[in-house]
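One structure is given here, and the rest of the page talks about it.
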Amino acid sequence: MEYTVVIPSYKRASAIKDKTLRVLQDQNIPKERINIFVASESEKAEYEKENPDYKIIVGVIGLVQQRNFIQNYFPVGTFLFSMDDDVESLSILHDNKLRPLSDLESVITLGFSECQKHSARLFSIYPVHNAFFMKQKITKDFKFCIGSCFGMINPGSEILNPSPDGCKEDYLRTILFWIADRSIIRINYVAHKTCYGGGTGGLQECGREQRLKKERAAVKYLLDEYPDLVRLNTKRKSLFPEVLLKRAK
């Protein structure tokens, strides 16, 4: 199956080498399938110096804006598998325990095959790296698709993400694809670990207070725009608000 791996990255020319690119190398994903999207020509030069064997493409600044750029960069219908630049490992559920995943390509192929079978254009893996909650099943109903590791049959400009700041962009993507297709694939026995909030670059380039303000605005937007699909997570203990998807009919 033909597919392309896309990685939006920002100010992590060195760190990406020890995380996502190492993970992909360990999974024997061919380098010619991998495209790294950066924000500027100066970044491209730095990434090419640190990662000379990979294709580096200059897009735009901003996570959501970069994801939209990627969709417009490739032809509609292209199989795109997206990973963030801070993925540390991939795991698979086996005998109720998480073991290291050894064949990412089979997961990617399975995800796109299930999409084609069920007229879906979005799939993801389980959003939490915790065997207790995971199940040995694939679902096709309205379930959250994590933004740091997902696949899509490129809709091009048909489904572009309007989130301006990147906050809750994966919830919004899940909602938009569900509204369009009424089917979303999730492989609930595969998960990953990422380095959220660690090091430099990425979304944490903005300060904590600014991020809190943006998160609150994003949650309000989701609750206001999609009250039939989203509810506030009242059990959330953090200052940062969280949402949950409702059971869609």
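Everything numeric in this text was worked out from a predicted model, so none of it was measured.
Under a cut-off of 6.0 angstrom, the local environment of CG in Asn130 is crowded, with over 12 non-hydrogen atoms contributed by other residues, nucleotides or ligands. When the shell of 6.0 Å around NZ of Lys140 is examined, it contains 12 or fewer heavy atoms from other residues, nucleotides or ligands. The neighbour count for Lys143 NZ, taken as heavy atoms of other residues, nucleotides or ligands under 6.0 Å away, is above 12.
Val64 and Tyr73 fall into different hydrophobic clusters, where Ile, Leu, Val, Met, Phe, Trp and Tyr are joined by side-chain heavy atoms under 4.5 Å apart, directly or via other members.
Contact of the Phe81 side chain with the Cys149 side chain is registered, since non-hydrogen atoms from C-beta on lie closer than 4.5 Å.
Counting only distance, with no hydrogens or angles, the side chain of Glu50 and the backbone of Ala13 share no donor-acceptor pair below 3.5 Å.
Annotation for Ser183 and Ala120: closest pair O-CB, 3.3 Å, computed over non-hydrogen atoms.
Under the 30°/60° scheme for interplanar angles, the aromatic rings of Phe123 and Phe112 are found to stand perpendicular.
Side chains of Ser91 and His129: a donor-acceptor N/O pair is present below 3.5 angstrom, by distance only. Remark: the Ser148 side chain and the His192 side chain contain an N/O donor-acceptor pair separated by less than 3.5 Å. Asp84 and Thr20 share no donor-acceptor pair across their side chains, judged by distance under 3.5 Å alone.
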Atom pairs and distances, side-chain donor-acceptor, residues 223-235, under 3.5 Å, sequence neighbours left out:
unit_1	atom_1	unit_2	atom_2	d
Asp224	OD2	Lys220	NZ	2.7
Asn233	OD1	Lys235	N	3.2

What donor-acceptor contacts under 3.5 angstrom involve side-chain atoms of residues 151-160, with partners at least two apart or in another chain?
unit_1	atom_1	unit_2	atom_2	d
Asn154	OD1	Gly156	N	3.0
Asn154	ND2	Gln71	O	2.9
Asn154	ND2	Phe74	O	3.0
Asn154	ND2	Pro75	O	3.1
Glu158	OE1	Arg121	NH1	2.8
Glu158	OE2	Arg121	NH2	3.1

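Looking at Lys117 and Glu114, a side-chain N of the basic residue comes within less than 4.0 Å of a carboxylate O on the acidic one, giving a salt bridge. A salt bridge links Asp86 to Arg12: one of the charged nitrogens lies within less than 4.0 Å of a carboxylate oxygen.
If you chain together ILVMFWY residues whose side-chain heavy atoms come under 4.5 Å of each other, Phe240 ends up grouped with Leu212, Leu239.
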